[in-house]
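Report on the structure given below.
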Amino acid sequence: MTDGIAQKTCTPCRGGVAPLTQEAAEGYLSQTPGWELEEGRLLRRKFKFADFRQSLSFVDKVVRLAEEERHHPDICFGWGYAAVSLQTHKIKGLHENDFIMAAKVNLIAGS
């Protein structure tokens, strides 16, 4: 269930910490259904929508969340889809913040 991790708040990353191990990342992945782990360094999920307007509305909500959390995903979107990728760039890998954001994005998407 995403509720537990989604209740947390992202903490500012100042670097200097090791990225999550593959094993630790896989543990968090169970709390973020629909997301895929790529090379143990990146989280990605593609969302589908009926049209461009719905895609844009979803992206707008994700952008607002990212500003509130001060943790910013990479987003690609177009007619009927939005792809969201998460990674903590300062550590060139994954941090708990990435999974917090993924869980919160799932809540926005309703899944």
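- Summarising the geometry of A66 relative to M101, their closest heavy-atom pair is CA-CE, 3.9 Å, with the distance given to 0.1 Å.
- Between the side chains of D98 and T88, a donor-acceptor pair is found at a separation under 3.5 Å.
- Note: S57 OG to F52 CZ = 11.5 Å, rounded to the nearest 0.5 Å.
- Both L86 and L37 are assigned to one and the same hydrophobic cluster, defined by single-linkage of ILVMFWY side chains at heavy-atom distances under 4.5 Å.
- Summarising the geometry of Q22 relative to E39, their closest heavy-atom pair is OE1-C, 4.1 Å, with the distance given to 0.1 Å.
- T11 is listed as a side-chain neighbour of N97, based on a closest heavy-atom distance under 4.5 Å.
- Rounding to the nearest 0.5 angstrom, the gap separating the CG atom in D60 from the CZ atom in F58 is 11.0 Å.
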Got a list of side-chain donor-acceptor pairs under 3.5 Å for residues 74-82, not counting sequence neighbours?
none

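- Residues V84 and L43 have side chains not in contact (no heavy-atom distance under 4.5 Å, counting atoms from C-beta outward).
- The shortest non-hydrogen separation linking R41 to K92 is NH1-O, 3.6 Å.
- I91 and L29 end up in different hydrophobic clusters when Ile, Leu, Val, Met, Phe, Trp and Tyr side chains are linked at under 4.5 Å.
- Cluster membership check: I5 shares its hydrophobic cluster with I108, using side-chain heavy-atom separations under 4.5 Å among Ile, Leu, Val, Met, Phe, Trp and Tyr.
- Under the 4.5 Å side-chain criterion, counting only non-hydrogen atoms from C-beta, H71 is not in contact with H95.
- Nearest heavy atoms, A6 versus L107: CB-CD1, 3.5 Å.
- V105 places none of its side-chain heavy atoms less than 4.5 Å from the side chain of R45.
- Atom CD of E36 has 12 or fewer neighbouring heavy atoms from other residues, nucleotides or ligands inside a 6.0 Å radius.
- A 4.5 Å side-chain heavy-atom check between L94 and P19 finds every atom pair outside the cut-off.
- For the atom pair R44 CZ and Q87 CD, the distance stands at 9.5 Å (nearest 0.5 Å).
- Taking 4.5 Å as the limit, some side-chain heavy atom of H72 sits within range of a side-chain heavy atom of E67.
- Linking ILVMFWY residues whenever their side-chain heavy atoms come closer than 4.5 Å, directly or via other members, leaves F47 and L42 in distinct clusters.
- Considering all non-hydrogen atoms of both residues, T32 and A102 come closest at CG2-CB, 3.7 Å.
- Rounding to the nearest 0.5 Å places CD1 of I100 at 7.5 Å from OH of Y28.
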